[in-house]
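Hydrogens, waters and symmetry mates play no part in the numbers below; they use all other heavy atoms, side chains included. One-based numbering along the sequence shown.
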Amino acid sequence: MQKVTLALAAATASALLTSTAAYAVDAAPVADDVIAAQRAALAARTKGAGFGPQSPRDIDAASGANSRSFEPAPASNAMNLCNIHFHKNAEHRGGEFTTYAGNGDGQGHGTGYTYDGTLTAAETAALDHPTGASAHGGLQPGDTIEVHYVHSTAHVQPGPTLGACLSEAIKNPQLRVEAQVFVLVNDDAALDFAVLAEPGMANGLHQAVNIPSSTGHPGAICRLHHRPRL
């Protein structure tokens, strides 16, 4: 399983980058029975509706009972990049990211899956400044994040929300998400997240021109350098 380094900006001030969901929270996680009740209510509301929860899934499990199938979306390089956002912790269980982060606050924050492996003391050395601060906490070396590069068949350009993936001309475009899961480390040799989130043009289409292609097969670890960019 290939290991690659990657870098994170302390303040990712980008017109198309949004951070969403599952940050660390200061409040105590909710009890297991709260999550059980939420899952039961969700199962009841979606029974027979033809859809279910988007996450979490165990992507290492190949079995399933859903017989519905859809045509795949075009390749991302034939679509327009419309949004980049990230979540703290992996949305799904799989590969080297199977450690449950906990129940979180019951609203989607503070949960998900984290890296199973070990990092060096230098890689997890604390920073002397806050990074990615929000109402739900921030980011620290050793954290896991999942980055979503969202693409649309609509004639659109990158924007700060998923609404940028739609246009007045088409409200139901095909969408494709290229996802990467990264581990944040305190390492000057790692790659720069600000570079990976940089938009550009290719063949007349908006693209995330620096999506890493060396992170190995799905489930592989990619280290993201947790360094301030001022």
Side-chain angles (χ1 to χ4, degrees), residues 6-9 11-23 42 45-46 48-57 59 64 66-92 94 97 107-109 112 132 134-136 144-182 191-219 222 224 229:
L6 197 94
L8 174 69
T12 48
S14 170
L16 73 160
L17 180 65
T18 55
S19 58
T20 63
Y23 276 103
L42 183 61
R45 291 182 62 183
T46 59
F51 62 88
Q54 184 269 330
S55 67
R57 302 289 187 187
I59 58 176
N66 189 344
S67 60
R68 293 171 179 81
S69 62
F70 301 89
E71 290 297 319
S76 59
N77 60 10
M79 307 172 74
N80 278 304
L81 174 73
C82 55
N83 175 259
I84 300 175
H85 64 270
F86 69 88
H87 308 256
K88 183 177 178 185
N89 301 328
E91 281 192 300
H92 305 285
F97 301 90
Q107 302 297 319
H109 304 290
S134 77
H136 303 287
T144 295
I145 66 170
E146 179 170 331
V147 183
H148 290 174
Y149 299 86
V150 190
H151 299 76
S152 171
T153 54
H155 185 63
V156 294
Q157 62 184 14
T161 72
L162 292 176
C165 302
L166 311 177
S167 72
E168 289 300 322
I170 179 170
K171 299 295 186 182
N172 62 337
Q174 287 182 287
L175 301 175
R176 175 181 288 274
V177 178
E178 298 288 331
Q180 301 257 354
V181 181
F182 302 124
L191 303 178
D192 187 344
F193 182 76
V195 173
L196 298 184
E198 183 178 344
M201 299 293 294
N203 298 319
L205 296 169
H206 294 280
Q207 295 282 290
V209 292
N210 296 319
I211 294 179
S213 59
S214 57
T215 50
H217 58 81
C222 180
L224 178 79
R229 284 283 190 263

Practice item. State the OH-CG distance between Tyr149 and Leu81, to the nearest 0.5 angstrom. Key: 9.0 Å

Review point. Hey, what do you get for NE2 (His151) to SG (Cys82), rounding to the nearest 0.5 Å?
Key: 8.0 Å

Exercise for review: Please check if any side-chain donor atom of His87 sits under 3.5 Å from a side-chain acceptor atom of Asn89, or the reverse.
Suggested key: no

Point to revise | Heavy-atom pair of closest approach, residues Ile59 and Gly94 | key: CG1-CA, 3.7 Å

Practice item. Verify, without hydrogens or angle tests, whether Glu146 (side chain) and Glu91 (backbone) share a donor-acceptor contact under 3.5 angstrom. Key: yes

Check your understanding: Is there a donor-acceptor pair closer than 3.5 Å between any side-chain N or O of Asn80 and the backbone N or O of Leu205?
Key -> no

Check your understanding: Got a second to check how far Gln207's CD is from Glu198's CD, nearest 0.5 Å?
Key -> 13.5 Å

**Study point:** Closest contact, heavy atoms only, Ala208 versus Ile84
**Key:** CB-CD1, 4.5 Å

Check your understanding: Would you find a donor on one side and an acceptor on the other, under 3.5 Å apart, between the side chain of Thr153 and the backbone of Met79?
Key -> no

Practice item. Could you walk me through whether Cys165 and Val156 pass the side chain to side chain contact (heavy atoms under 4.5 Å, CB included) test, one step at a time? Key: CA-CA 6 Å; Cys165 302; Val156 294; 5.5 Å; no

**Study point:** Side-chain heavy-atom pair Phe182, Thr144 within 4.5 angstrom cut-off
**Key:** no

Study note, to complete from the structure: Note: Ser152 and Leu175 closest approach over all heavy atoms is CB-CD2, 3.8 Å

Exercise for review: May I ask you to decide if Pro212's main-chain N or O and Gln180's side chain share a donor-acceptor pair within less than 3.5 Å?
Suggested key: yes

Practice item. Could you tell me whether the side chain of His92 and the main chain of Arg57 form a donor-acceptor pair under 3.5 Å? Key: yes

Review point. Looking only at atom types and distance, does a side-chain atom of Asp192 sit under 3.5 Å from a main-chain N or O of Ala194, one as donor and one as acceptor?
Key: yes

Point to revise | Check: Ile170 main-chain N/O paired with Ser167 side-chain donor or acceptor under 3.5 Å | key: yes

**Study point:** Polar side-chain atom of Asn210 near backbone of Val195 as donor-acceptor pair, under 3.5 Å
**Key:** yes

Review point. Measuring from Thr161:OG1 to Leu166:CG, what's the distance to the nearest 0.5 Å?
Key: 8.5 Å

Review point. Distance from Asn77 atom CG to Arg176 atom CZ, nearest 0.5 Å?
Key: 9.5 Å

Exercise for review: Apply side chain to side chain contact (heavy atoms under 4.5 Å, CB included) to the pair His85 and Leu162, showing each step before the final yes or no.
Suggested key: CA-CA 9 Å; His85 64 270; Leu162 292 176; 4.1 Å; yes

**Study point:** Heavy-atom side-chain contact between Val181 and Ile145 under 4.5 Å
**Key:** no

